[in-house]
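Comments concern the structure below.
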Amino acid sequence: MENNLSAQKILDNIFNIMQRLYDEMRLNKNQDREHLKVFEIFAELGRTLVEADRASFWRWDKRAGKLLTATATGTTQIIIDDTSGLVGRALAENRTIVTNDPYNHPDFNSDVDKKTGYVTKSVLVMPVANCRGEIIGAFQVINKLNGNGFDEAQDTKRLSIAAFICGMALESDLFLADSQRDKLTELKNRLGFYSDYKKYRQKFSLDPKNKIPMSIIICDIDFFKKVNDTYGHNAGDAVLVHISKILASNVRDYDGAYRWGGEEFILILTGINLSGAVNVAERIRLAVENSVCHFNCDELRVTMSFGCAEISDALSIEDNVKIADNRLYRAKKTGRNKVVYLDK
């Protein structure tokens, strides 16, 4: 009778969590947080299914070689190399890992415990795949509440429900991310720019009294057509990749670099006013001018022109971009390989 009551309580908890998940997705109350709240509910579902103290859901960024928590009980986001920890081992070997003696496991990373004072007694990590069978993340639960540790067969079976749902949600997130990224340069594309611009505006314009400045830079490779005509389109692609790397290395993690189209790029700079944007543009201009793109046996050198503008809350996205674009046009018409930040 006691076991039946316990099972019914778990089942009721699962139903309540699924109801919350349904309402969250239907009402879409957390647009600014994207899927963060949904993943938090997923983590709670997994924790409930196996009666664990904590749960975390990890996203695998293969491009960067990193593992990032989409959500984790009791801590802020964790970012680790994808070759480290129990999660890294589970992904590398594409198998569920269970340890009820983590401190003696060679792959257990105790850094979080050392920082927080938390004591990990048992861990279960399950890889998460997309519909094509490609591993894209992992579900991790920590410390079985009954104190006996995780049962690999039973708890893996239970956690697979949450892992399957999380896999579908994460695949949707990754599909959206891929649609916003330029395949050649690996920068975000125009769609990614509009998405990020909206999020940045919401984040940095909430408090008019403490408004944080934002700026944009539009830049264009000078005489790019000559590169294609002289050396071929493959050489042109090599130059685009070369320039993209310079742009990405000259902005911070919380800024944005995007391929606007063709040989034109755009940058979003947060917390930077117009004069600061001019300094960034000038730094990039010199970096490009002094760099060499190696293609086959050729050394290709190009320059770029820049238009800078500080974003105005009173203007639309299109109008803010247009101001910077008009200044880029002036830079191209008045000699190229320069930075223009005024209208006259």
Indicate yes or no: at least one non-hydrogen side-chain atom of [X] is less than 4.5 angstrom from one of [Y].
{"X": "Val128", "Y": "Ile135", "answer": "no"}
{"X": "Ser215", "Y": "Ile311", "answer": "no"}
{"X": "Phe108", "Y": "Asp113", "answer": "yes"}
{"X": "Leu187", "Y": "Phe193", "answer": "no"}
{"X": "Leu67", "Y": "Asp61", "answer": "no"}
{"X": "Ile136", "Y": "Arg59", "answer": "no"}
{"X": "Arg259", "Y": "Ser244", "answer": "no"}
{"X": "Trp60", "Y": "Leu91", "answer": "yes"}

Minimum heavy-atom separation for [X] to [Y], with atom names?
{"X": "Leu342", "Y": "Arg330", "result": "O-NH1, 2.8 Å"}
{"X": "Val87", "Y": "Gln140", "result": "CG2-OE1, 3.6 Å"}
{"X": "Glu310", "Y": "Asn273", "result": "OE1-CB, 3.5 Å"}
{"X": "Glu51", "Y": "Arg158", "result": "OE1-NH1, 3.8 Å"}

Check: [X]/[Y] side-chain N/O donor and acceptor closer than 3.5 Å:
{"X": "Asn337", "Y": "Glu289", "value": "yes"}
{"X": "Ser249", "Y": "Lys245", "value": "no"}
{"X": "Asn320", "Y": "Tyr197", "value": "yes"}

Check [Y] with [X], please: is the shortest side-chain N to carboxylate O separation under 4.0 Å?
{"X": "Arg63", "Y": "Glu186", "answer": "yes"}
{"X": "Lys121", "Y": "Asp101", "answer": "no"}
{"X": "Asp220", "Y": "Lys332", "answer": "yes"}
{"X": "Asp343", "Y": "Arg327", "answer": "yes"}
{"X": "Lys322", "Y": "Asp325", "answer": "no"}
{"X": "Asp196", "Y": "Lys199", "answer": "yes"}

Do Thr69 side-chain atoms and Ile78 backbone N/O form a donor-acceptor pair below 3.5 Å?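 Answer holds: yes.
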
Donor-acceptor pair, Ser160 side chain versus Lys157 backbone, under 3.5 Å?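 Yes, the answer is positive, given that a donor and an acceptor are paired below the 3.5 Å cut-off.
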
Given the rule in the side chain to side chain contact (heavy atoms under 4.5 Å, CB included) test, do Val141 and Leu159 qualify, once you have shown the distances and angles that lead to the verdict? CA-CA 9 Å; Val141 285; Leu159 189 61; 4.1 Å; yes

Does the side-chain hydrogen bond (donor to acceptor under 3.5 Å, both in side chains) test come out yes or no for Ser84 and Asp81, once each step is laid out? CA-CA 6 Å; Ser84 66; Asp81 292 336; 5.5 Å; no

Should Val278 and Leu247 be regarded as members of a common hydrophobic cluster, given that ILVMFWY residues are connected when their side-chain heavy atoms come within less than 4.5 Å of each other, either directly or indirectly?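 Both belong to a single hydrophobic cluster.
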
Taking the six-membered ring for Trp, are Tyr231 and Phe295 ring centroids under 6.0 Å apart?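 Centroid separation for Tyr231 and Phe295: 6.0 Å or greater.
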
More than 12 heavy atoms of other residues, nucleotides or ligands under 6.0 Å from OH of Tyr118: is that the case?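 Count over threshold, so yes.
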
Please determine whether side chain to side chain contact (heavy atoms under 4.5 Å, CB included) holds for the pair Leu240 and Leu184, giving the CA-CA distance in whole Å, both sets of side-chain angles, and the decisive distance to 0.1 Å. CA-CA 8 Å; Leu240 290 172; Leu184 175 65; 3.8 Å; yes

